[in-house]
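Letters A, B, ... mirror the listed sequences (proteins, then strands); counts begin at 1.
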There are 2 protein chains.
Amino acid sequence: MNEQADKTGGGGRYPAFDLAHFTPYRMALAAQLLSETLAAQYRERYGISVADWRVLVHLAYAGKASVRDIQNRVVMDKSTISRTVSRLEERGVVSKRENPKDRRLLLLSLTEAGEAMMTDVLPMATSFQARIQAELGPQFAALEAALQSLIDAYGGGEP
Amino acid sequence: MNEQADKTGGGGRYPAFDLAHFTPYRMALAAQLLSETLAAQYRERYGISVADWRVLVHLAYAGKASVRDIQNRVVMDKSTISRTVSRLEERGVVSKRENPKDRRLLLLSLTEAGEAMMTDVLPMATSFQARIQAELGPQFAALEAALQSLIDAYGGGEP
DNA sequence: TTGACTTCGTTGCAGCCGCAACGATATTTC
DNA sequence: GAAATATCGTTGCGGCTGCAACGAAGTCAA
């Protein structure tokens, strides 16, 4: 509790501005804490990164998808998705075929091993969600609503 | 609105799990949208990155600080701070001296140019905060409270 | 059919990040 | 006072990311 800020830097040239009370920063912090807490669990067990996780979840949810499908649903650059998929394929948890209907597209899906892994991993996520919900209690609904407002207002849908 | 997920991948092996309704993901998305919206403004005018921004804001707020002071306040790795400070020093907006009281520490502060820049930039942030608050209306207080709960619950303070 | 245009995924590049190891300086302990 | 220990900031390294450019494949129009 030492090193107090002296706040006399600019001689009051600009208004006091504390990052700790700035909503974008607080949001980033909260998001990072949540992500890390969850990621620590599956990283330890399976060596899965956040990018891996997002791709895998989408495939578990959708069954089959192309890179573009994932991109439309998950906010990730297509190059990131491409590289993530390649890594997951090498690990043997994702299958990467060519779509015969349109040979530009990939037909991505989980392998047997991938499905087995997700059978183990998804409940972790579900219970984490439950934990958040429980910890927040009545605040949870309000948080959800506010997040939705922000996502709508700042272009979470289509550009 | 084509490419519907078929959801038949695992044959119902695991519970339906939609990333879009998962709180950690939604939080990350909202945080990213806010960050990008704000960052676009000062990046365009001053070529400032988010890391730059955080360091600069802290210095504007605190007047003088060491790398460690910043690390204690802002969640950034010390190596990131070190490199960010070096870049900002080269640009001439941050001064980097040695603390005579303890020669391990740096005595960081804004230069005249840095203060001038922040005089211009900080109001942008203030008005962005006001915009968020206005857009959320009564939801804002609830969001703040929920964020605080999460940050407390997941270790936003000291490890 | 052919040629222009669009879409999809990959890759080269440059930059940033986190971790761990390190040198320099302070502090503690004996 | 000297040696062990702790703290601070920097740097090397490996990995990841976003952007832009690209080749391959499909679509559209004349």
Under 4.0 Å protein heavy-atom contact, by nucleotide of nucleotides 18-23 of chain C - B base, S sugar-phosphate only: BB----
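Applying the ring-ring contact (aromatic ring centres under 6.0 Å, His included) test to pairs two or more places apart or on separate chains, those with a residue in residues 25-44 of chain B are B:Tyr42-B:Trp53. Residue pairs meeting the salt bridge (Lys or Arg N to Asp or Glu O under 4.0 Å) criterion with at least one partner in residues 22-43 of chain B, sequence neighbours excluded, are A:Glu144-B:Arg26. Sorted by first and then second residue, the pairs that involve residues 119-137 of chain A and meet salt bridge (Lys or Arg N to Asp or Glu O under 4.0 Å), not counting sequence neighbours, are A:Arg45-A:Asp120, A:Arg131-A:Glu135.
B:Trp53 places its CH2 atom 19 Å from the P atom of C:dC16, with the value rounded to the nearest Å. What separates CG of B:Leu88 from C1' of D:dG9 is a distance of 16 Å, to the nearest Å. The nearest whole Å value for the distance from the CG atom in B:Leu105 to the P atom in C:dA24 is 17 Å. Counting to the nearest Å, the C1' atom of D:dG9 and the CG atom of B:Leu107 are 14 Å from each other. Rounded to an integer number of Å, the gap from CD1 of A:Ile81 to P of D:dC16 is 16 Å. Distance B:Lys101 NZ to D:dC8 P: 17 Å, rounded to the nearest Å. A:Gln71 has its CD atom 12 Å from the P atom of C:dT10, to the nearest Å. Remark: C1' of C:dG9 and CD of A:Glu98 are 11 Å apart, rounded to the nearest angstrom.
Between C:dT11 and A:Ser82, no contact under 4.0 Å exists linking OP1 or OP2 to a side-chain N or O.
Checked against D:dT10, D:dT7, C:dC8, the side chain of B:Leu106 finds its nearest nucleotide in D:dT10. Distances from the side chain of A:Arg87 to the nucleotides C:dT25, C:dC8, D:dT17 place D:dT17 closest. When distances run from any side-chain atom of A:Arg104 to the nucleotides C:dG9, D:dC8, D:dA24, the shortest one goes to D:dA24. In this structure, the nucleotide among C:dT6, D:dT10, D:dC8 sitting nearest to the side chain of B:Lys96 is D:dT10.
For B:Tyr46, the ring pair (Phe, Tyr, Trp, His ring centres under 6.0 Å) criterion is met by no residue, not counting sequence neighbours. Under the side chain to side chain donor-acceptor pair (under 3.5 Å) criterion, A:Gln139 pairs with B:Ser149, not counting sequence neighbours. Under the side-chain contact (heavy atoms from CB on, under 4.5 Å) criterion, B:Ala116 pairs with no residue, sequence neighbours left out.
Looking at B:Thr111, its side chain does come within 3.5 Å of a backbone N or O of B:Gly92 through a donor-acceptor pair.
Donor-acceptor pairing under 3.5 Å, judged by distance alone, is absent between the side chain of B:Arg103 and the base of C:dT25.
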Residue pair A:Leu33, B:Leu150: steps toward the side-chain contact (heavy atoms from CB on, under 4.5 Å) verdict: CA-CA 8 Å; A:Leu33 291 172; B:Leu150 288 174; over 6 Å; no
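Heavy-atom distances under 4.0 Å link DNA chain D to A:Ala51 of residues 38-52 of chain A, given in residue order.
When all heavy atoms of B:Pro100 and B:Arg103 are compared, the closest pair comes out as O-CG, 4.4 Å.
The 5' end of DNA chain D is approached more closely, in terms of each residue's nearest nucleotide, by B:Asp102 than by the other of B:Asp102 and A:Pro100.
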Pair up each side-chain donor or acceptor in residues 82-89 of chain A with any protein partner under 3.5 Å, not counting sequence neighbours, and list the distances.
| from | atom 1 | to | atom 2 | distance (Å) |
| --- | --- | --- | --- | --- |
| A:Thr84 | OG1 | A:Thr80 | O | 2.7 |
| A:Ser86 | OG | A:Ser82 | O | 3.1 |
| A:Ser86 | OG | A:Lys96 | NZ | 3.1 |

